[in-house]
Colleague: 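My questions all concern the structure below.
Naming: A, B, ... by sequence-line order, numbering from 1 per chain.
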Number of protein chains: 2
Amino acid sequence: MLRLNRQTDYGIMILTCLVREDDKAMPPRLLSAPEIATASGLALPNVSKILKALVRGGILQSRRGVQGGYQLSRLPADISIQQIITALDGPISMTDCAGEGPEQCDVSSLCPMSANWKYINDKIVETLESITLEQMAIPGGVLAAANNDSDSTRNPEGE
Amino acid sequence: MLRLNRQTDYGIMILTCLVREDDKAMPPRLLSAPEIATASGLALPNVSKILKALVRGGILQSRRGVQGGYQLSRLPADISIQQIITALDGPISMTDCAGEGPEQCDVSSLCPMSANWKYINDKIVETLESITLEQMAIPGGVLAAANNDSDSTRNPEGE
DNA sequence: CAAATCAGGACCAAAGTGGTCCCCTTTTGG
DNA sequence: CCAAAAGGGGACCACTTTGGTCCTGATTTG
């Protein structure tokens, strides 16, 4: 089915919640895990686990202690879906052939597909890299961006 | 990791073997499961399972009985990677949101992402639909096709 | 009728995923 | 200086999925 795992799905949902919260409170403040759990409607332990992974992946910044919490480490327009998927699900690699490492197929003599898989993999990464969290956070945002600017993948100053 | 399962990987490998065998024996003959297992270097029971699924998915045709076997049901240029993946791994659907059925997110009120996911999903299906088995069967075939036919080529210095 | 061959599905071990919990460190404020 | 509020890092386990094999039945040929 080529499905990304539920943690990743939730993670993107959580991040879109953060974007909307930031829009509300313009001097963006830190949100604690319990607050984010409430806002997203998900269970706290799970939300907490996902938030930690997003920090490790460089998507979020955190502060400990009383009044601590999480915030985006970059503008929503500078965070791609690809980066989020990589943070929560590891690097995209459709097959072993398509991966980065030295893990060759053991049947590489029979397999002329390696370069082809790499190309396909790159194409998909490219697609996911071109979608930003900012677009994802508004209904129809991805489609609108695709219509407005069908050539270049990123627009300099959003909206 | 967004990886397709091993059956699918093997399936595509098997099909590229079939393409090459067809090229050898120009009046394309039926190949039995044991022959295909030998040609592909995979274990017979597993190859057999995959071949059956490919028949069910309309990629292969089969004939039973003595001298029976399998052959492609269309020309390699008319079989897309997308069709093969669908036959072996079900329809592509990155998230529940992106699926076809009436399976709405239960939190759809909080979730403006549904249309966005569908768009992303379509984009990936489109990519995989544009790659043919014929291209996949020759080393560098996909890249060559992409260079020749630059319908929507991205920046060459993209990397 | 026997042999070859595909069809369908049962079955099980192994791996992966999802979700929760625990204990530790950091920070703030009385 | 200590207690409370928060995040950090894993361990842990139940559940599902996947990978692979095998068995039984249906077709076809000679």
Colleague: To the nearest Å, give me how far apart CG (B:Leu51) and C1' (C:dA7) are.
Modeller: 12 Å

Colleague: Counting only side-chain nitrogens and oxygens, does A:Ser48 get under 4.0 Å of the OP1 or OP2 atom of D:dG8?
Modeller: no

Colleague: For the side chain of B:Gln7, counting heavy atoms from C-beta on, which of C:dG18, D:dG19, C:dT27 is nearest?
Modeller: D:dG19

Colleague: When you check the phosphate oxygens OP1 and OP2 of C:dG16, does a side-chain N or O of B:Arg3 lie under 4.0 Å from one of them?
Modeller: no

Colleague: Looking at D:dA6, D:dG8, C:dC21, which one has an atom nearest to any side-chain atom of A:Ser32?
Modeller: D:dA6

Colleague: On DNA chain D, compare the nucleotides closest to B:Leu4 and A:Ile36; which residue's is nearer the 5' end?
Modeller: A:Ile36

Colleague: Going by distance alone, is a donor N or O of one side chain under 3.5 Å from an acceptor N or O of the other, for B:Gln83 and B:Thr86?
Modeller: no

Colleague: Looking only at the side chain of A:Asn5 (C-beta and beyond, no hydrogens), which of the listed nucleotides C:dT17, D:dG8, C:dA4 gets closest?
Modeller: C:dT17

Colleague: Without hydrogens or angle criteria, can the side chains of A:Ser93 and B:Arg3 be said to hold a donor-acceptor pair below 3.5 Å?
Modeller: yes

Colleague: Would you kindly give the CD1-to-P distance between A:Ile14 and D:dG7, to the nearest whole Å?
Modeller: 12 Å

Colleague: Please report the distance, rounded to the nearest Å, between CG in B:Asn46 and P in D:dT18.
Modeller: 14 Å

Colleague: For B:Ile36, does its backbone N or O pair with a side-chain atom of B:Ser40 as donor and acceptor, under 3.5 Å?
Modeller: yes

Colleague: I'd like to know if A:Lys49 reaches the base of C:dG19 with its side chain such that a donor and an acceptor end up less than 3.5 angstrom apart.
Modeller: yes

Colleague: For B:Asp89 and D:dG19, give me the distance from atom CG to atom P, rounded to whole Å.
Modeller: 8 Å

Colleague: Describe the nucleic acid contact of B:Gly65 in one word from base, sugar-phosphate, nothing, applying a heavy-atom distance below 4.0 Å.
Modeller: base

Colleague: Please give, in whole Å, the distance from D:dG8 C1' to A:Ile50 CD1?
Modeller: 16 Å

Colleague: Report the nucleotide, chosen from C:dC6, C:dG8, C:dT27, that has the shortest atom-to-atom distance to any side-chain atom of A:Val66.
Modeller: C:dT27

Colleague: Please report, rounded to the nearest Å, how far the P atom of C:dT5 is from the CD atom of B:Glu35.
Modeller: 8 Å

Colleague: Could you tell me the separation between the CG atom of A:Leu60 and the P atom of D:dG8, rounded to a whole number of Å?
Modeller: 10 Å

Colleague: Closest-nucleotide mapping onto DNA chain C: is B:Met1 or A:Leu44 further toward the 5' terminus? I mean the 5' end.
Modeller: B:Met1

Colleague: Any non-hydrogen side-chain atom of B:Asp78 less than 4.5 Å from a side-chain atom of B:Thr132?
Modeller: no

Colleague: Of all the nucleotides listed (C:dA7, C:dA3, C:dT26), which has the minimum atom distance to the side chain of B:Arg64?
Modeller: C:dA7

Colleague: Does some side-chain heavy atom of A:Lys123 sit less than 4.5 Å from a side-chain heavy atom of B:Lys123?
Modeller: no

Colleague: Please determine if a side-chain N or O atom of A:Tyr70 lies less than 4.0 Å away from the OP1 or OP2 oxygen of D:dG8.
Modeller: yes

Colleague: Donor-acceptor pair, distance only, cut-off 3.5 Å: does the side chain of A:Asn116 make one with the backbone of B:Pro139?
Modeller: no

Colleague: Can you find an N or O donor on one side and an acceptor on the other, under 3.5 Å apart, linking the side chain of A:Lys52 with the base of D:dG7?
Modeller: no

Colleague: Between C:dA7 and B:Ser62, is there an OP1 or OP2 to side-chain N/O distance shorter than 4.0 Å?
Modeller: yes

Colleague: Looking only at the side chain of A:Tyr10 (C-beta and beyond, no hydrogens), which of the listed nucleotides C:dG19, C:dT5, C:dA7 gets closest?
Modeller: C:dG19

Colleague: In this structure, how many angstroms lie between the P atom of D:dA26 and the CZ atom of B:Arg63, rounded?
Modeller: 20 Å

